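Below you'll find the structure, written out as structure tokens, and then a few comments.
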Amino acid sequence: MEFWAEMARPGPESIVVAGVEVRRGSRVRLRPGASGGLLGDLLAGRVGVVEGIEEDDEGRLHVAVALEDDPGRDLGLGRVPAHRFFFAPAEVEPLAAAESPRPRRILVAGIGNIFLGDDGFGVAVARRLAERPPRPGVDAVDFGIRGMDLVFALQRGYDAALLVDAVPTGDPPGTLVVLEPGADALEASDGPQGHAMAPVSVLRLARAMGALPPRVLVVGCAPAHVPDAAADDVLVELSAPVAAAVEGALQLIDALVDSLLAEPAGGSDGAPPEALDPPAQAPPPAPHPPE
């Protein structure tokens, strides 16, 4: 048991290769040694993206890399053969940012249960985003209650993630908030859950399994009513104030994405983006004209 517990422990977040820090998301040129055989010859000189740093039972470090031009690169995180390769630190050559700049990538994740009334707020926002033309570098995804899918998505080298969800802050229904979970909030460990995971639970598990994007923000909306899932209550519509807040959330997310895309490649200094000024409360819905 101790052996497997040790093997499950994440490796270091970064290492220094040729005087350059290498971490998840770093771009490297592959320089396999002579023992790499035919596969090494095929990979020599190719550019890869570091997925993580692993440590074996003898304390040796290995750089897990996926080829940058592999269309199935994201599958490497699932340990799928032919998508994820391991190299000794001496077999990778860090690429300078000026030599090959990497565009920033942001994940906007809608979370919630559409059958629990206002809990479906994040899903409603994600669906509205999906109706727009795709924005370069931004992936808007409706995760619903698929918590584990979101956990794995957070491992895919994004520079930032926005989690959109109903958040019971105690504010009037429809109030939008932007939160940036600190290290203390992520210290506790929740058991794995496949469904109905709150944002902080998702982040805790994602960090335990590997790493998180450098910036993670939660765009929340105070709900008016969320039915009791244990009582099998079903409500498929958002309340009026929460439905009215969807448009404001879209504008807020646009401003946050603009700010995050503008951050330098190395990330920010930890200060919240200037766009963190959501409306104190969403405007009330427009009255219906009399029939």
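Quantities reported herein were computed from a predicted structural model and do not represent experimental measurements.
Separating the CG atom in Asp159 from the CZ atom in Arg105 is a distance of 8.0 Å, to the nearest 0.5 Å. Separation of atoms CG (Leu179) and OG1 (Thr169) is listed at 8.0 Å; rounding is to 0.5 Å. Rounding to the nearest 0.5 Å places NE2 of His225 at 9.0 Å from CG of Leu116. Ile145 contributes atom CD1, which lies 8.5 Å from atom CZ of Phe115 (distance to the nearest 0.5 angstrom). Rounding to the nearest 0.5 angstrom, the gap separating the CG atom in Leu163 from the CD1 atom in Ile111 is 4.5 Å.
The minimum heavy-atom distance between Ala160 and Leu260, with the atom names listed, is CB-CD1, 3.9 Å. The two residues Leu176 and Phe121 come nearest to each other via the heavy atoms CD2-CZ, 3.9 Å. Residues Asp119 and Ala166 come closest through the heavy atom pair CA-CB, 4.1 Å. Of all heavy-atom pairs between Pro94 and Val22, the closest is CG-CG2, 3.7 Å. For the residue pair Pro173 and Ala224, the shortest heavy atom distance occurs at CB-CB, 3.6 Å. Residues Glu13 and Ile53 approach most closely at O-CG1, 4.3 Å, considering heavy atoms.
Side chain of Arg31 to main chain of Glu93: no donor-acceptor pair is present (N/O by atom type, distance under 3.5 Å, no hydrogens or angles). Under a 3.5 Å cut-off, the side chain of Asp165 and the backbone N or O of Val167 do not form any donor-acceptor pair. Remark: the backbone N or O of Gly33 is paired with a side-chain donor or acceptor of Glu91 at under 3.5 angstrom.
Residues satisfying the side chain to side chain contact (heavy atoms under 4.5 Å, CB included) criterion with Ser14, sequence neighbours excluded, are Glu21, Arg23. Qualifying side chain to side chain contact (heavy atoms under 4.5 Å, CB included) partners for Leu30, counting only residues two or more places apart in sequence or in other chains: Val28, Pro32, Leu43, Arg46, Val65, Leu67, Phe87, Val92. Looking at residues two or more places apart in sequence or on another chain, you find a side chain to side chain contact (heavy atoms under 4.5 Å, CB included) between Ile114 and Val123, Arg127.
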Legend entry - Intermediate values then yes/no, side-chain contact (heavy atoms from CB on, under 4.5 Å), Val202 and Phe143: CA-CA 12 Å; Val202 171; Phe143 285 94; over 6 Å; no

Inset, instruction - Test side-chain contact (heavy atoms from CB on, under 4.5 Å) on Asp56 and Phe86 and set out the steps. - result: CA-CA 11 Å; Asp56 63 24; Phe86 291 86; over 6 Å; no

Legend entry - Chi angles and distances behind the side-chain contact (heavy atoms from CB on, under 4.5 Å) call for Leu107, Leu150: CA-CA 10 Å; Leu107 173 66; Leu150 176 54; 4.1 Å; yes

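Residue pairs meeting the salt bridge (charged side-chain N to carboxylate O under 4.0 Å, His left out) criterion with at least one member in residues 33-45: none, sequence neighbours excluded.
Under the salt bridge (charged side-chain N to carboxylate O under 4.0 Å, His left out) test applied with Glu51, the options Arg24, Arg27, Arg84 reduce to a single match, Arg84.
At a threshold of 4.5 Å between non-hydrogen side-chain atoms, the residues Val108 and Val219 do not count as touching.
Residues Leu61 and Val63 fall within the same hydrophobic cluster, defined by Ile, Leu, Val, Met, Phe, Trp and Tyr side chains chained together at heavy-atom separations under 4.5 Å.
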Which pairs of donor and acceptor atoms, one on a side chain in residues 238-258, lie under 3.5 Å apart (sequence neighbours left out)?
unit_1, atom_1, unit_2, atom_2, d
Ser239, OG, Asp118, OD1, 3.1
Ser239, OG, Asp118, OD2, 2.9
Glu247, OE1, Arg128, NH2, 2.7
Asp254, OD1, Arg132, NH1, 2.8
Asp254, OD2, Arg132, NH1, 3.2
Asp254, OD2, Arg132, NH2, 3.3
Asp258, OD1, Arg135, NH1, 3.3
Asp258, OD1, Arg135, NH2, 2.3

